[in-house]
*Asks:* 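Okay, handing you the structure first.
Throughout, numbering of the chain's residues begins at 1 and tracks the sequence. Here the structure is a predicted model, which means the values were calculated and not measured. All values below come from the heavy atoms of this structure, side chains included, with hydrogens, waters and symmetry mates left out.
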Amino acid sequence: QVQLVESGGEVVQAGGSLSVACIVSGRNSGNFYMAWFRQAPGKERNFVAAISDSGRTIRYGDSVKGRFTIARDNTKNTLSLQMTSLKPEDTAVYYCAARTILRMSESPNDYRYWGQGTQVTVSS
């Protein structure tokens, strides 16, 4: 059974930095394309970043380009998201997601496995 568990969310001041992580269990993470999504209260779940199984291909959502960095370590079955220059509008629950079809996607509907989310709050 594949499980994804996020951690690292906390309250941070605007302009600050934070890293969140996701641990994959049940299968080696190298079997998946993976992504981060986020969801603010009352809003839909939005794409943040995605990374190929090898880590060679990466895609970012327009609102986080240049500020966020996605990375993976398949030897440790982990996915990370480093966030810098945080803004209050980055406040959301951040979700880790995985898909077995080895193709990039920005749609949450294309991801089969999800974590429970970790709350990131950016105070102004």
*Asks:* Please report the interatomic distance OG(Ser52) to CE(Met34), rounded to the nearest 0.5 Å.
*Replies:* 12.0 Å

*Asks:* If hydrophobic clusters are built by linking Ile, Leu, Val, Met, Phe, Trp and Tyr wherever their side-chain heavy atoms come under 4.5 Å apart, do Trp36 and Phe47 end up in the same one?
*Replies:* no

*Asks:* If we only count heavy atoms from C-beta on, is the Leu79 to Ile70 side-chain gap below 4.5 Å?
*Replies:*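 With C-beta onward as the side chain, the pair touches.
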
*Asks:* Measuring from Gln13:CD to Ser123:OG, what's the distance to the nearest 0.5 Å?
*Replies:* 5.0 Å

*Asks:* With a 4.5 Å cut-off on side-chain heavy atoms, are Thr118 and Ser7 touching?
*Replies:* no

*Asks:* Could you walk me through whether Phe32 and Asp53 pass the side chain to side chain contact (heavy atoms under 4.5 Å, CB included) check?
*Replies:* CA-CA 5 Å; Phe32 305 112; Asp53 54 344; over 6 Å; no

*Asks:* Would you give the length of the straight line joining atom OG of Ser80 to atom CD1 of Ile23, rounded to the nearest 0.5 angstrom?
*Replies:* 11.5 Å

*Asks:* Please work out whether the ring planes of Tyr94 and Phe68 are parallel, tilted or perpendicular, with thresholds of 30° and 60°.
*Replies:*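 Judged by the thresholds at 30° and 60°, the geometry between Tyr94 and Phe68 is tilted.
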
*Asks:* Can you tell me how far the NZ atom of Lys87 sits from the CZ atom of Arg67, to the nearest 0.5 Å?
*Replies:* 4.5 Å

*Asks:* Between Tyr95 and Arg38, does a side chain to side chain contact (heavy atoms under 4.5 Å, CB included) hold up when you go through it step by step?
*Replies:* CA-CA 6 Å; Tyr95 295 93; Arg38 65 186 182 185; 6.0 Å; no

*Asks:* Please round to the nearest 0.5 Å and tell me the distance separating atom OG1 of Thr78 and atom CG of Leu4.
*Replies:* 12.0 Å

*Asks:* Given side chains that start at C-beta, do those of Thr69 and Met83 come closer than 4.5 Å, heavy atoms only?
*Replies:*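 With C-beta onward as the side chain, the pair stays apart.
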
*Asks:* May I ask you to decide if Val2's main-chain N or O and Arg27's side chain share a donor-acceptor pair within less than 3.5 Å?
*Replies:*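 Such a contact is absent between Arg27 side chain and Val2 backbone.
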
*Asks:* Under the side-chain contact (heavy atoms from CB on, under 4.5 Å) test against Asp90, which residue among Val122, Leu18, Val12 passes?
*Replies:*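 Result for side-chain contact (heavy atoms from CB on, under 4.5 Å) with Asp90: Val122.
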
*Asks:* Rounded to the nearest 0.5 Å, what separation is found between the SG atom of Cys96 and the CD atom of Gln3?
*Replies:* 12.0 Å

*Asks:* To check you understand the geometry: which heavy-atom pair defines the closest contact between Ala40 and Ala92, and what is its length?
*Replies:*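 Looking at all heavy atoms of both residues, the shortest contact is N-CB, 3.9 Å.
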
*Asks:* Any cation-pi pair here, Arg99 with Tyr113, using under 6.0 Å and within 45°?
*Replies:* no

*Asks:* Answer yes if the side chains of Asn28 and Asn77 hold a donor-acceptor pair under 3.5 Å, and no otherwise.
*Replies:*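 Checked: Asn28/Asn77 side chains pair up, N/O donor to acceptor below 3.5 Å.
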
*Asks:* Looking only at non-hydrogen atoms, find the nearest pair between Lys43 and Gln39 and report the distance.
*Replies:* O-NE2, 3.0 Å

*Asks:* Taking the side chain as every heavy atom from C-beta outward, state whether Val120 and Thr91 have any atom pair closer than 4.5 Å.
*Replies:* no

*Asks:* Is it the case that one hydrophobic cluster holds both Val64 and Leu86, taking links as side-chain heavy atoms less than 4.5 Å apart, direct or via other members?
*Replies:*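 Both belong to a single hydrophobic cluster.
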
*Asks:* Using the rule given for side chain to side chain contact (heavy atoms under 4.5 Å, CB included), can you reason through Gln116 versus Val5, listing the C-alpha separation, both sets of side-chain angles and the distance that settles it, and then say yes or no?
*Replies:* CA-CA 7 Å; Gln116 83 290 346; Val5 179; 4.2 Å; yes

*Asks:* Are Ser29 and Asn74 close enough that a side-chain donor and a side-chain acceptor fall under 3.5 Å?
*Replies:*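 The answer is yes; a qualifying pair exists.
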
*Asks:* Side chain to side chain contact (heavy atoms under 4.5 Å, CB included) between Trp114 and Arg45: does it pass, once the steps are laid out?
*Replies:* CA-CA 12 Å; Trp114 291 86; Arg45 193 166 295 190; 3.3 Å; yes

*Asks:* Can you confirm whether Ser124 sits close enough to Pro88 that some side-chain heavy atom of one is under 4.5 Å from a side-chain heavy atom of the other?
*Replies:*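 Side-chain contact under 4.5 Å: yes.
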
*Asks:* Quick one, Tyr111 with Phe37, criterion ring pair (Phe, Tyr, Trp, His ring centres under 6.0 Å). Give me CA distance, side-chain angles, the key distance, then yes/no.
*Replies:* CA-CA 11 Å; Tyr111 289 82; Phe37 289 83; 5.3 Å; yes

